[in-house]
Amino acid sequence: MFRQHVWMALLLMAPALPLQAADGRTGRGLTEIPDPELSLMRGRYTVGGNNVAWFGVTMVSQWQAGNGATLQGALTLAMDFRSGGAPKLSFQPSVHVTAADAPLPDTHGRSIDSSGLANASGLVQSVQVAGDGNVARNVTTLTVREGGVPAVLSDGAGNVTAQQAGASATAVLEGNQARLQLQVDGQGLVQQWIRNGSVGQGIALAGDGQIASNQLRLELVRNTVGGNLPLSQNVAQAIALNRGMGPGQ
C-alpha cells in the first residue's frame, strides 16, 4: 500500500534520537523495547496536516526522431492543501507532433522492454538504448520554499493526444496518476509519471540518431508555521495526500 511506503520512508529518513529504557538507561540508535514497555504504548505518530501549503509537478518531454519528426509534451499538476482535507487539484496539459517526409530508420531485430518500470517505486530514472548516435537526458529538480502559492490560470482537459504518421504525444490525468508519454512506432518511448509511491522518467530508444530529453520539476511550498519540519517529512506528506488524484476525487 502506498501509505505504508510513505511511513516506512519517514522512519528510514528520521534522525536517531536519544532513547530511554524502562530502567532509566539512555543511548542512541536502535534499542530493543521489552514486552512490558510495549504493552503500555498507545497511538501513532502522524505528520501535521497544515505544514504543506502547495505541491506542484511540471513535466516537459522533447524528442527529435532520426527522420526529423519532432514530438513535444508538457503538463503541470498542482495540489493546493491550504483549505484542509483533500487537496484542490489543477491540471494543464500540452502536446504537439510534427511529422517528417523522410522514412523512419530501420530497427529490425532490435527490441527494448520497459514494462518493469510499472513496478518501480520511489524516484526512478531509466535510459535504454539499442541504436547508435543517440542522445538521451533525464533531469529532475526539487525546490522547497516558503511564501506565496503560484496562481492557477485555468484547468485543462484530463487527457490530450496528438498523432501524426506513427508518432503520438499524450498527457493524461486519470485515477491516481499523471503521465506524459511520447512514442514513435518501432523507434521507442519517452515518458514521465507521478503515481502512488513513484515519480519517474524513462527513455527507451531503438532507432539511430535520435535526441530525447525529460525534465521534471517538483516544487513544494511550506506554511511558515511548521516550516522547521524535516524536508523528508514535508515531501512525504505532499505525496501521501495526492492519492486519488483523478478528476472528481
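Computed from a predicted model, the values in this text were never measured in an experiment.
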Quick check: is [Y] connected to [X] through a chain of hydrophobic side chains (ILVMFWY, heavy atoms under 4.5 Å apart)?
X    : Y    : result
L77  : W193 : no
L173 : F55  : yes
V172 : L75  : no

How many angstroms lie between atom CD1 of I194 and atom CG of N176, to the nearest 0.5 angstrom? 10.5 Å
Measure the spacing between CD of E219 and CG of L142 and express it to the nearest 0.5 Å. 9.5 Å
A side-chain contact here means heavy atoms from C-beta on lying under 4.5 Å apart; do [X] and [Y] qualify?
X    : Y    : answer
L218 : T141 : no
R222 : V144 : yes
Q191 : L117 : yes
R145 : L220 : no

Please walk me through it: do V190 and N214 pass side-chain contact (heavy atoms from CB on, under 4.5 Å)? CA-CA 8 Å; V190 176; N214 281 323; 3.3 Å; yes
Go through it in stages, so that I can follow the logic: the residues are L216 and T58, the test is side-chain contact (heavy atoms from CB on, under 4.5 Å), and I'd like the CA-CA distance, side-chain angles, deciding distance and then a yes or no. CA-CA 6 Å; L216 174 62; T58 301; over 6 Å; no
Please assess T107 against Q187 for the test side-chain contact (heavy atoms from CB on, under 4.5 Å), listing each intermediate value before the final yes or no. CA-CA 7 Å; T107 59; Q187 302 297 305; 3.5 Å; yes
Specify the closest pair of heavy atoms between [X] and [Y], including all atoms of both residues, with the distance to one decimal.
X    : Y    : value
V160 : S94  : CG2-N, 4.3 Å
V97  : S168 : CG2-C, 4.2 Å
Q181 : L189 : CG-CD1, 3.3 Å
A171 : L180 : CB-CD1, 3.9 Å
V184 : A167 : CG2-CB, 4.1 Å
F81  : V52  : CB-O, 3.2 Å

Just jot down the side-chain hydrogen bond (donor to acceptor under 3.5 Å, both in side chains) partners of [X], sequence neighbours excluded, or say none.
X    : value
R217 : none
D113 : S115
S83  : none
N67  : none

For N138 and V127: C-alpha separation, side-chain torsions, deciding distance, then whether side-chain contact (heavy atoms from CB on, under 4.5 Å) applies. CA-CA 8 Å; N138 287 320; V127 174; 3.5 Å; yes
May I have all residue pairs that pass salt bridge (Lys or Arg N to Asp or Glu O under 4.0 Å) and include part of residues 75-87, sequence neighbours excluded? D80-R82
My understanding is that only one of V124, L123, N119 makes a side chain to side chain contact (heavy atoms under 4.5 Å, CB included) with S198; could you say which? V124
Counting only pairs under 3.5 Å, give me each side-chain donor-acceptor contact of residues 199-213, with atom names and distances, residues two or more places apart or in other chains.
unit_1 : atom_1 : unit_2 : atom_2 : d
Q201   : OE1    : Q125   : NE2    : 2.8
Q201   : OE1    : T140   : OG1    : 3.0
Q201   : NE2    : V139   : O      : 2.8
Q201   : NE2    : Q192   : OE1    : 3.1
D208   : OD1    : R110   : NH1    : 2.8
D208   : OD1    : R110   : NH2    : 3.3
D208   : OD1    : D132   : N      : 2.7
D208   : OD2    : R110   : NH2    : 3.3
Q210   : OE1    : W63    : NE1    : 3.0
Q210   : NE2    : G207   : O      : 3.4

Is the number of heavy atoms from other residues, nucleotides or ligands under 6.0 Å of R137 CZ greater than 12? no
